[in-house]
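A quick write-up on the structure given underneath.
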Amino acid sequence: SLDIRRAIFGESHPDVADSLEELGLNLFDQGNMDQSVPLLQQAVAMRRETQGELHPDLSDAISNLAYVMDATGNLEEAEVLLLEALEMQRRIHDEAHPNVATAVAQSLDAIALWSIEDGEFETAESLLREAVDINVEVHGDNHPEVADSLTRLASCLVAQQQYTEAYQHASAARQILVAALPDGHWRTALAASAEGAALAGLQRYAEAEGLLVDSYAILSNDAKAMKALVDQAGERLVSLYEVWGKPEQAAEYQALLRE
């Protein structure tokens, strides 16, 4: 496809950039990150040259590159790229458009998660609150996208020991997802884990245990749940049992995390 489009359109053309992106993302999905990044970088450079500095295709290409850079461990560069894509999205379109608003909210969520990894919790909190507001405006109060944003906000608040508000958001998220998704869904379990962590912070240990045990069991057996999320759920159980004075149970889950 790439060679054919080069033969038809020449070396530098938006359709050639499409093929570079497709190939780069396919290689990324196959785990060939070292080959994926140069192709996506070429696609970004080609779109800048052929489509200008303010184009939705360029914004998408930069976002794709950002997510791949994050996966390869280049967090700082990924964040810079996604901030550029976010600003471009805002300049190109009216944020009131649902597709644009959703893309902006997703970018805010991603940047917030990277900020959390850097320990910049206040920055992350601000971004996550904005993402919640955007999702509520676009989807209404009881939509899974709103719930996912509330879950992420709750986890950020737990990290800052703001347990009461974290519990409120995580509980609301779980209730939305219970109503919207099949039983035992990993996204519902993720909200339950955040809710359990908030309850543990409030010293409501027995309530926290039920949510944390059940959510860990679901997350650890669902291939769609990222390993980092499974580990976070397990670490919350270890922490619960440690502060609750139950070292044997803490050791049991610590062992599972080392497997």
Side-chain angles (χ1 to χ4, degrees), residues 21 24-25 27-29 31 33 36-37 39-41 43-44 47 55-93 95 97-139 143-160 166 169-170 173 177 186-187 189-191 193-194 219 224-233:
E21 277 188 70
L25 292 173
L27 287 167
F28 173 71
D29 288 339
M33 297 184 187
S36 171
V37 170
L39 292 171
L40 294 174
Q41 289 173 329
V44 168
R47 292 201 186 282
H55 194 282
D57 289 347
L58 175 59
S59 172
D60 291 343
I62 292 171
S63 294
N64 288 332
L65 178 58
Y67 290 120
V68 172
M69 295 300 287
D70 172 50
T72 61
N74 295 306
L75 184 60
E76 187 173 338
E77 186 170 353
E79 187 170 349
V80 170
L81 287 166
L82 198 54
L83 283 169
E84 180 185 359
L86 177 60
E87 178 59 26
M88 196 176 299
Q89 290 164 355
R90 286 172 159 162
R91 290 175 62 192
I92 293 170
H93 299 292
E95 276 191 39
H97 189 283
N99 291 343
V100 177
T102 299
V104 169
Q106 289 171 346
S107 296
L108 288 167
D109 280 335
I111 297 167
L113 292 177
W114 297 340
S115 297
I116 288 172
E117 290 180 24
D118 287 340
E120 298 174 357
F121 295 109
E122 291 184 3
T123 299
E125 180 185 340
S126 176
L127 293 169
L128 290 168
R129 289 186 188 280
E130 185 178 353
V132 169
D133 290 343
I134 290 172
N135 278 322
V136 168
E137 184 175 349
V138 172
H139 302 293
H143 191 279
E145 289 293 336
V146 174
D148 289 342
S149 287
L150 287 171
T151 297
R152 286 185 279 268
L153 176 58
S155 290
C156 182
L157 293 170
V158 166
Q160 298 176 85
H169 292 318
L177 294 169
W186 70 270
R187 288 162 68 185
L190 198 61
S193 178
L219 290 165
K224 293 180 182 177
M226 292 188 299
K227 184 178 184 301
L229 300 177
V230 178
D231 289 347
Q232 180 188 57

* Asked: Between L82 and Y67, does a side chain to side chain contact (heavy atoms under 4.5 Å, CB included) hold up when you go through it step by step?
  -> CA-CA 8 Å; L82 198 54; Y67 290 120; 4.1 Å; yes
* Could you go through the side chain to side chain contact (heavy atoms under 4.5 Å, CB included) check for W186 and L229 one step at a time? => CA-CA 10 Å; W186 70 270; L229 300 177; 4.0 Å; yes
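- Taking the side chain as every heavy atom from C-beta outward, L177 and D148 approach each other to under 4.5 Å.
- Residues I62 and L58 form a side-chain contact, since some pair of their non-hydrogen atoms from C-beta on lies under 4.5 Å apart.
- Between the CG atom in L153 and the CG atom in D109 there is a gap of 10.0 Å [rounded to 0.5 Å].
- L25 has its side chain out of reach of S36: every pair of non-hydrogen atoms, C-beta onward, lies at least 4.5 Å apart.
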* Asked: So L128 and S149, side chain to side chain contact (heavy atoms under 4.5 Å, CB included) or not? Walk me through it.
  -> CA-CA 7 Å; L128 290 168; S149 287; over 6 Å; no
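- The environment of CD in E76 is sparse: at most 12 heavy-atom neighbours from other residues, nucleotides or ligands sit within 6.0 Å.
- No side-chain heavy atom of L157 sits less than 4.5 Å from a side-chain heavy atom of F121.
- The backbone N or O of A189 sits nowhere less than 3.5 Å from a side-chain atom of S193 that would complete a donor-acceptor pair.
- Taken from OG in S107 to CD1 in I134, the straight-line distance is 9.5 Å, to the nearest 0.5 Å.
- Here the closest heavy-atom approach between residue A166 and residue V158 is recorded as CB-CG2, 3.7 Å.
- Here the closest heavy-atom approach between residue S155 and residue A194 is recorded as OG-CB, 3.7 Å.
- Within the 4.5 Å cutoff, the side chain of R129 has heavy atoms near those of the H169 side chain.
- Under the rule for a salt bridge (charged side-chain N to carboxylate O under 4.0 Å, His left out), the partners of D231 that lie at least two apart in sequence or sit in another chain are K227.
- C156 and I116 get closest at one heavy-atom pair: CB-CD1, 4.0 Å.
- The side-chain heavy atoms of V44 and L40, taken from C-beta on, include no pair separated by under 4.5 Å.
- Within the 3.5 Å criterion, the main-chain N or O of T123 finds no donor-acceptor partner in the side chain of S126.
- Exactly one of V132, L113, N135, L127 qualifies for a side chain to side chain contact (heavy atoms under 4.5 Å, CB included) with L108. That residue is L127.
- With values rounded to the nearest 0.5 angstrom, S63 atom OG is found 9.5 Å from E84 atom CD.
- Between atom CE of residue M69 and atom CG of residue L75 there is a gap of 10.5 Å, rounded to the nearest 0.5 Å.
- What you find for E145 and R187 is that their closest heavy atoms are N-NH2, 4.3 Å.
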* To do: Give the C-alpha distance, both sets of side-chain angles, the deciding distance and a yes or no for side chain to side chain contact (heavy atoms under 4.5 Å, CB included) between R47 and H55.
  => CA-CA 8 Å; R47 292 201 186 282; H55 194 282; over 6 Å; no
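- Atom CZ in R91 sits 12.0 Å away from atom CG in L86 (nearest 0.5 Å).
- S115 places no side-chain N or O within 3.5 Å of a backbone atom of A124 that could act as its donor or acceptor partner.
- In this structure, the side chain to side chain contact (heavy atoms under 4.5 Å, CB included) partners of L83, at least two apart in sequence or on a different chain, are E79, I111.
- Rounded to the nearest 0.5 angstrom, N64 CG and L39 CG are separated by 12.5 Å.
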